[in-house]
Each structure stands twice: as structure tokens, then as C-alpha cells.
Amino acid sequence: MDRDAISRYIETHLDEHVRKIQALVRQPSVSLERQGLTECAELVRRHLAELGCQETALIDVGDGYPGVWARLDSGAAKTILYYSHYDVRPVGPEPWDWPPFGAELTEMPPY
């Protein structure tokens, strides 16, 4: 594995990756309120297709909740199964330092 090549790729495409993460943060996907779930699932599906997955689809996992299926065959000897979720907790009435779906980049010392 060429770690230097990976680091160069990340650095070269950093702004693009940050924009994709911001798009996901900006898309409300609150399962308890059934808010934005299909839209966020479609965004995840589209990102996986852009990564080169040969198969991508939204699937109903029950009660109208969408799941995302994707398959990427890179010809590797081993297979990885990746499972995650894309929904978030309700925003609630508590005060926020920044809008919860704003995705603004902010300096946060010491980072």
C-alpha cells in the first residue's frame, strides 16, 4: 500500500471531500421524526455510486425506512462488509452554538 499516494490523493481532493461531508450534515435525517430520510439515503447512494460502486439502490427496510445497498468489486482477495447509519438525533429545543444542520467550518483550538 502506497500511503504517500493515499495522502497525496486526500490532500489534492480535500475540498471535494469536505463539500460531500457538508452536504450530508446539511441534509436532515431524523428517523424519530421521519424527516429527510429518503433524501439523505439518496445522497448516500449517490456518493457511493460516485465512488465507483457497480450496484447502488435504496431498499425499504421496513415501515418505510430506506436503507442503502451498494456493492464495489475491486477484485480484491478479501471482502469487507460495511454497515452504518445515516440518521441523526432530533435537534430538540436546547441551544446550539451553531445551526445543527449548518455544516460551517469553524476554527476550534487546539485543532
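The side chain to side chain contact (heavy atoms under 4.5 Å, CB included) test applied to Ala5 returns Asp2, Arg8, not counting sequence neighbours. Evaluation of the side chain to side chain contact (heavy atoms under 4.5 Å, CB included) rule for Ile80 yields no partner, not counting sequence neighbours.
With rounding to the nearest 0.5 Å, the separation of OG in Ser29 from NE2 in His85 is 9.5 Å. Rounding to the nearest 0.5 Å places SG of Cys40 at 11.0 Å from CD of Gln35. For the atom pair NZ (Lys78) and OG (Ser74), the distance works out to 13.0 Å, reported to the nearest 0.5 Å. Taken from CD in Gln27 to CD in Gln22, the straight-line distance is 14.5 Å, to the nearest 0.5 Å. One distance of note links NE2 of His17 with OG1 of Thr12; it measures 9.0 Å at 0.5 Å rounding.
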Can you give me every donor-acceptor pair (side chain of residues 96-111, partner residue at least two apart or in another chain, under 3.5 Å) with its distance?
from, atom 1, to, atom 2, distance (Å)
Trp96, NE1, Val91, O, 3.4
Trp96, NE1, Glu94, O, 3.4

Quiz: residues 61-72 side-chain donor-acceptor pairs under 3.5 angstrom, not counting sequence neighbours:
from, atom 1, to, atom 2, distance (Å)
Tyr65, OH, Ser31, O, 3.4
Trp69, NE1, Glu55, OE1, 3.2
Arg71, NE, Glu55, OE2, 2.8
Arg71, NH2, Glu55, OE2, 3.4

Atom pairs and distances, side-chain donor-acceptor, residues 41-50, under 3.5 Å, sequence neighbours left out:
from, atom 1, to, atom 2, distance (Å)
Glu42, OE1, Arg45, NE, 3.0
Glu42, OE2, Arg45, NE, 3.2
Glu42, OE2, Arg45, NH2, 2.7
Arg45, NH1, Thr56, OG1, 2.8
Glu50, OE1, Lys20, NZ, 2.7

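When hydrophobic side chains of Ile, Leu, Val, Met, Phe, Trp and Tyr are connected at separations under 4.5 Å, Ile21 ends up clustered with Val25.
Grouping the Ile, Leu, Val, Met, Phe, Trp and Tyr side chains by contacts below 4.5 angstrom, directly or via other members, places Leu51 with Leu58.
Remark: Glu11 CD is loosely packed, at most 12 non-hydrogen atoms of other residues, nucleotides or ligands lying under 6.0 Å away.
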